[in-house]
Participant: 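Below: one structure in structure tokens.
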Amino acid sequence: MGSKQPKHKGRGGKKAGWRALYRDNENKQRSKSFDRKADAQRFLATVEADQLRGTYVDPRAGRITLSEYAETFMAAQVWREGTRATAQSHVDNHIGPALGSRQLATITRTDVQSFVASLTAKGLAPTTVSGIHVRLVSILEAAVHDGRIVRSPAVKIRLPTVIKTAASQVVALDLDDVRRIADAAPPHLTAFVWLIATAGLRPGEAAGLTVERVDFLQMTIDVDRQLLTPPKGLPHLGPTKTTASVRIVPINDLLVAELNRHMPAHPPLEIEPGATLIFTTTAGHPLRRDTIGKSWRKLRTDLDLPDEARGWHSLRH
């Protein structure tokens, strides 16, 4: 139970007020000062009721900044590397600069709404804004569960509307388009084009394809990993996007011929013991996501491909 007691008068006979004494969840004695006895009583009643309900939050717990808490929050998550890289980008480039220096307890719903509006004003796509907002929501909701704040301020936030247009849909390229792309692609990516188009591998799976995973006699590819290229760190092999993505894919004579033509001209690279990458850059390095992304954008511009052909994924369809 808490208690209240009058404070000693200050200098010059200044009114002393009242001090509310109570114990927090760790049984440490705390105090808070009030000018009026009634306010001290009301505060103590609220604290005691919250403690009985199990909803009491020490006001000092919310003094940690959003950036400080976000760092702890993300370090504790069991995420795939791609998810972690995206989350770090959201915090470093958007959430941190806008709200990172604010104490958790001081962030309001209006602050969150203003933050979302600022992202839209920067010209970010609605889907991007939504992704950043979801990241902020997850951080703030975790802060509630960790007893840092009483409730999340990220409620009833209006997000920009995602307007579906023809350009936002996936386009199915025809065989003539694939031939044009393969012919125009840099020589070290010609077989890469045919691999995605005919075997349906994702770009990361294709970039991570190793000699050991191709059965040239049975004409199959064992897809059980992909190449991961984190912004910080070396490229390495990791699990596929989902467990359902692990599969054995049949391949045709055309792709076998392309792979047999490709490897003597572009020597494979051993990325780790027992794993030799088939596709590399002209300098003999693993294919990074941003590198092949630039290659695709150049192909789309040079060949005047439809706007819907937004990436290598278009070849899968």
Side-chain angles (χ1 to χ4, degrees), residues 78-86 170 172-175 177-179 181-183 185-231 233-293 295-296 299 309-317:
V78 182
W79 281 335
R80 296 173 60 87
E81 290 188 38
T83 302
R84 185 171 299 280
T86 301
V170 176
L173 300 172
D174 60 28
L175 187 56
D177 288 325
V178 176
R179 287 197 181 99
I181 294 169
D183 290 343
H188 69 288
L189 292 179
T190 301
F192 188 79
V193 172
W194 286 113
L195 172 63
I196 297 177
T198 62
L201 270 64
R202 294 183 175 88
E205 295 168 346
L209 182 63
T210 62
V211 177
E212 297 79 13
R213 291 298 192 266
V214 182
D215 188 331
F216 288 94
L217 294 178
Q218 298 296 322
M219 296 179 64
T220 60
I221 291 176
D222 187 359
V223 182
D224 62 353
R225 53 192 177 181
Q226 63 177 326
L227 184 67
L228 302 175
T229 56
L234 297 174
H236 59 279
L237 295 174
T240 54
K241 184 176 181 179
T242 66
T243 55
S245 299
V246 176
R247 61 204 187 277
I248 295 179
V249 179
I251 57 178
N252 58 25
D253 292 332
L254 181 151
L255 182 55
V256 171
E258 284 294 330
L259 292 175
N260 282 327
R261 178 201 57 77
H262 169 87
M263 287 189 285
H266 308 280
L269 169 70
E270 185 177 58
I271 190 172
E272 59 186 51
T276 310
L277 292 177
I278 292 178
F279 297 102
T280 63
T281 65
T282 54
H285 302 303
L287 294 176
R288 284 189 170 273
R289 183 177 180 179
D290 56 346
T291 302
I292 60 176
S295 297
W296 178 265
L299 286 169
R310 297 189 303 276
W312 291 97
H313 275 277
S314 300
L315 287 171
R316 299 182 67 211
H317 300 276

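Computed from a predicted model, the values in this text were never measured in an experiment. Computed from heavy atoms alone, side chains included, the values below leave out hydrogens, waters and symmetry copies.
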Participant: Show, in sequence, the C-alpha distance, side-chain angles and deciding distance for Ile181 and Leu173, and conclude whether the side chain to side chain contact (heavy atoms under 4.5 Å, CB included) test is met.
Facilitator: CA-CA 10 Å; Ile181 294 169; Leu173 300 172; 3.8 Å; yes
Participant: Go through the structure and list residues passing side-chain contact (heavy atoms from CB on, under 4.5 Å) with Ala182, not counting sequence neighbours.
Facilitator: Thr190, Val193, Trp194
Participant: Could you tell me which residues satisfy salt bridge (charged side-chain N to carboxylate O under 4.0 Å, His left out) with Arg213, sequence neighbours excluded, listed by chain and number?
Facilitator: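 With sequence neighbours excluded, Arg213 shows a salt bridge (charged side-chain N to carboxylate O under 4.0 Å, His left out) to Asp224, given in chain and number order.
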Participant: Check side chain to side chain donor-acceptor pair (under 3.5 Å) between Thr242 and all other residues, then give those that pass, not counting sequence neighbours.
Facilitator: Ser245
Participant: If you look only at pairs with a residue in residues 198-228, which of them pass as a ring-ring contact (aromatic ring centres under 6.0 Å, His included), with sequence neighbours excluded?
Facilitator: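 Output for this query is empty, none listed.
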Participant: Under 3.5 Å, sequence neighbours excluded: what are the donor-acceptor pairs made by side chains of residues 284-291?
Facilitator:
unit_1: Arg288; atom_1: NH1; unit_2: Pro230; atom_2: O; d: 3.3
unit_1: Arg288; atom_1: NH2; unit_2: Gly233; atom_2: O; d: 3.1

Participant: Tell me every residue that passes ring pair (Phe, Tyr, Trp, His ring centres under 6.0 Å) with Trp312, counting only those two or more places apart in sequence or in another chain.
Facilitator: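 Once residues adjacent in sequence are excluded, the partners of Trp312 under the ring pair (Phe, Tyr, Trp, His ring centres under 6.0 Å) criterion are Phe192, Trp296.
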Participant: Restricting to side chain to side chain donor-acceptor pair (under 3.5 Å), what partner residues turn up for Glu258, sequence neighbours left out?
Facilitator: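 Counting only residues at least two positions away or on another chain, Glu258 forms a side chain to side chain donor-acceptor pair (under 3.5 Å) with Arg261.
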Participant: With sequence neighbours left out, which residue pairs that include part of residues 241-271 fulfil the ring-ring contact (aromatic ring centres under 6.0 Å, His included) condition?
Facilitator: His262-His266, His262-Phe279
Participant: Among pairs that include at least one residue of residues 185-210, which meet salt bridge (charged side-chain N to carboxylate O under 4.0 Å, His left out), considering only residues two or more places apart or in two chains?
Facilitator: Arg202-Glu205, Glu205-Arg247
Participant: Can you run down the side-chain hydrogen bond (donor to acceptor under 3.5 Å, both in side chains) pairs that involve residues 268-282, sequence neighbours left out, and say none if there aren't any?
Facilitator: Glu212-Thr276
Participant: Tell me, which pairs form a salt bridge (charged side-chain N to carboxylate O under 4.0 Å, His left out) where one or both residues lie in residues 186-199, sequence neighbours left out?
Facilitator: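 For residues 186-199: none.
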Participant: Holding to salt bridge (charged side-chain N to carboxylate O under 4.0 Å, His left out), I want the full list of residues that pass it with Arg179, two or more places apart in sequence or in another chain.
Facilitator: Asp176
